[in-house]
Undergrad: 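Encoded as structure tokens, here's the structure I'll be asking about.
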There are 2 protein chains.
Amino acid sequence: MTQSISVRQQPAISKASCQHCSLSNLCLPLALDNSEMSRLDEVVNRDRIFNRGEQVFGQSTPFRSCFAVKSGAIKTSMITESGDEQITGFFMPGELVGLDSMSDDHHASTAKALERTSVCEIPVDQLEQLVHVLPGLQHHMFHLMSQEIRNSHQLSVLLSKNTAEERIAALLLSLSSRFRRRKLSPTHFNLPMARNDIANFLGLAVETVSRVFTRFQNQGLIRARGRDIELLDLEALQVMAQGTSQP
Amino acid sequence: MTQSISVRQQPAISKASCQHCSLSNLCLPLALDNSEMSRLDEVVNRDRIFNRGEQVFGQSTPFRSCFAVKSGAIKTSMITESGDEQITGFFMPGELVGLDSMSDDHHASTAKALERTSVCEIPVDQLEQLVHVLPGLQHHMFHLMSQEIRNSHQLSVLLSKNTAEERIAALLLSLSSRFRRRKLSPTHFNLPMARNDIANFLGLAVETVSRVFTRFQNQGLIRARGRDIELLDLEALQVMAQGTSQP
DNA sequence: CGCAACTTTGAGGGCACTCAATGTTGGTGG
DNA sequence: CCACCAACATTGAGTGCCCTCAAAGTTGCG
């Protein structure tokens, strides 16, 4: 019954390649054939591990690489001049972190591991060269960056138009669909982040998040014990997430 | 003079090229030398004009082109499923619209002209081919898209952390710096958008925007007569914009 | 001149925040 | 094994910023 995070869970992927990675259908290799993938393999710096709370990169530090999450989870955040943090995104396995930094030689945000996390480091100068040679990769990079813009716009909508309940429902559904993508249960999973992070990300106070969770639970929408979450009524959550600004 | 003079004659740039465009130091040509620029010229569809309120492209319509603003101004917005609009950005001359749509074959947002606006249309399939041939352009495209992500994150910060006054100060300063980039007065300009649009963009009610404008005016920070705006105290606005969450 | 769109100003209420305190969890060392 | 602490989470009471509702004032255009 070791509920603790199992350390021994690393499959034999120390000699791993993109071709054998279980995330190849989500990550960059998605756009590549086998021979192209081996080109990518050559530049990827694998097996970088970060413990919970450790920083993958920091705001204003030199920008050299993007990072693909292999296991665990990462949050990115911006520190405002007045000193407080705003989380701009959560990144799960198969997702690429650092795309907001490609417009400068220093990072636009800070990335921290939410739990023990392994990543693939992809040096940008080599990535750009590779992109130049592989049209499929170019297209995919545009795709990813565009999606990042879209996600961020979606977040803006959430922040400016929706109530606390709607925001939290939307976040739960977003996580759900990302677990589904990975062939994991979309209705029963562990939150990688603390209530505090959820609150920060959604522009709410921690107390509000807590209250909404219990309210959802009383309504039979979810079952929550700490970070262990079960979505009991996806439809109701979807209805709630898209808001009800009826005329 | 046998030839009748058309009233709607454009200045002598009907045969215009990027090389002679006054915005070449802001727009895509920024990254290109002369010979490369002529390659770009070949694919650009110039002189598309939109009147105030006209739609440049619509959400869920097929995605074929990006648009560079030549004169005028454009707003992009997303329509939520519950029917209300969220403006995601304002685009001024020299800026590129539509980058959030490159992850799909339909547009992620709607773009409308805020005033009479001329744009250069850039078909994406040809753009992607060109990018593949011109490494400088590739780098620049990454730069632009990354910046778009960053802008959007900045907006999220604004929406979730700042008060109405702070948000409006930040918007005024953003506009100011963009006018400065174009060698126009950074302290005296015409707002391209209505109060309504400002409110929507910043996640506020129109009434709140109006109240803050008059408050700023009473404090001597700005002078506003309709859309005619003069920034009287840039420093004070900057202090206000970065919020005051002192510990 | 008159309508439509836009802007400003006022009054009152609500959602989420702040402040405050208690409950819970997980890791550490006795 | 259990006590203990720090971090995290929940719950309650009261307040404030901004929204909603309502109406008057202003601008622009046919």
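Proteins come first, then strands; the chains are lettered A, B, ... in the order of their sequence lines, and each starts at number 1.
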Undergrad: Which nucleotide in the list dA16(C), dC8(D), dT10(D) gets nearest to the side chain of A164(A)?
TA: dA16(C)
Undergrad: Which class fits the ring pair F67(A) and F50(A): parallel under 30°, tilted 30 to 60°, perpendicular over 60°?
TA: perpendicular
Undergrad: Check the pair S77(B), S109(B) against side-chain contact (heavy atoms from CB on, under 4.5 Å), reporting the backbone distance first and the verdict last.
TA: CA-CA 5 Å; S77(B) 59; S109(B) 54; over 6 Å; no
Undergrad: Grab the CD-P distance between E165(B) and dC19(D) for me, whole Å please.
TA: 13 Å
Undergrad: Find every protein N or O atom lying less than 3.5 Å from an N or O atom of nucleotides 21-23 of chain D, and list the pairs.
TA:
unit_1	atom_1	unit_2	atom_2	d
dC21(D)	N4	E207(B)	OE2	2.9

Undergrad: How many Å lie between CZ on R215(B) and C1' on dC18(D), as a whole number?
TA: 10 Å
Undergrad: Check the phosphate of dT11(D) against T214(A), side-chain N and O only, distance under 4.0 Å to OP1 or OP2. Yes or no?
TA: yes
Undergrad: In terms of the angle between their ring planes, are H107(B) and F63(B) parallel, tilted or perpendicular, with boundaries placed at 30° and 60°?
TA: perpendicular
Undergrad: So which of N45(A), V97(A), I74(A), L96(A) actually passes side-chain contact (heavy atoms from CB on, under 4.5 Å) with V119(A)?
TA: I74(A)
Undergrad: Rounded off to whole Å, could you give me the CG-to-C1' distance for the L191(B) and dC6(C) pair?
TA: 14 Å
Undergrad: For the side chain of R195(A), starting at C-beta, report the closest nucleotide among dT10(D), dC6(C), dT8(C).
TA: dT10(D)
Undergrad: Counting just side-chain N and O atoms, does T163(B) come under 4.0 Å of either OP1 or OP2 of dC17(D)?
TA: no
Undergrad: Once salt bridge (charged side-chain N to carboxylate O under 4.0 Å, His left out) is applied, do any residues pair with D233(B), and if so which ones, sequence neighbours excluded?
TA: none
Undergrad: Using five pairs at either end of the helix from dC1(C)-dG30(D) to dG30(C)-dC1(D), determine the angle between the two local helix axes and round it to 10 degrees.
TA: 40°
Undergrad: Figure out the CG/C1' separation between N218(A) and dT10(D), and round it to whole Å.
TA: 12 Å
Undergrad: OP1 or OP2 of dC15(C) less than 4.0 angstrom from a side-chain nitrogen or oxygen of T208(A), does that happen here?
TA: no
Undergrad: May I have the distance from R227(B) (atom CZ) to dA5(C) (atom P), rounded to whole angstrom?
TA: 14 Å
Undergrad: Considering only residues two or more places apart or on different chains, which pairs with a residue in residues 208-220 of chain B satisfy salt bridge (charged side-chain N to carboxylate O under 4.0 Å, His left out)?
TA: E165(B)-R215(B)
Undergrad: Please state how far atom CG in N51(B) lies from atom P in dC29(D), giving the value in whole angstrom units.
TA: 13 Å
Undergrad: Find the distance E166(B):CD to dC18(D):P and express it as a whole number of Å.
TA: 9 Å
Undergrad: Determine whether K75(B) and E85(B) satisfy the following criterion, side-chain contact (heavy atoms from CB on, under 4.5 Å), listing intermediate values before the conclusion.
TA: CA-CA 11 Å; K75(B) 70 171 175 183; E85(B) 177 186 22; 3.6 Å; yes
Undergrad: Using salt bridge (charged side-chain N to carboxylate O under 4.0 Å, His left out) as the criterion, list what pairs up with R178(B), not counting sequence neighbours.
TA: E95(B)
Undergrad: To the nearest Å, how far apart are R116(B) CZ and dC29(D) P?
TA: 14 Å
Undergrad: Between R52(B) and E115(B), does at least one N-O distance fall below 4.0 Å, as a salt bridge requires?
TA: no
Undergrad: For N162(A), does its backbone N or O pair with a side-chain atom of R167(A) as donor and acceptor, under 3.5 Å?
TA: yes
Undergrad: Nearest 0.5 angstrom please: I229(B) CD1 to N190(B) CG, how far?
TA: 8.5 Å
Undergrad: Which residues within residues 196-205 of chain A lie with some heavy atom under 4.0 Å of an atom in DNA chain C?
TA: G203(A), L204(A), A205(A)
Undergrad: To check you understand the geometry: which heavy-atom pair defines the closest contact between F213(B) and A224(B), and what is its length?
TA: CD2-CB, 4.0 Å
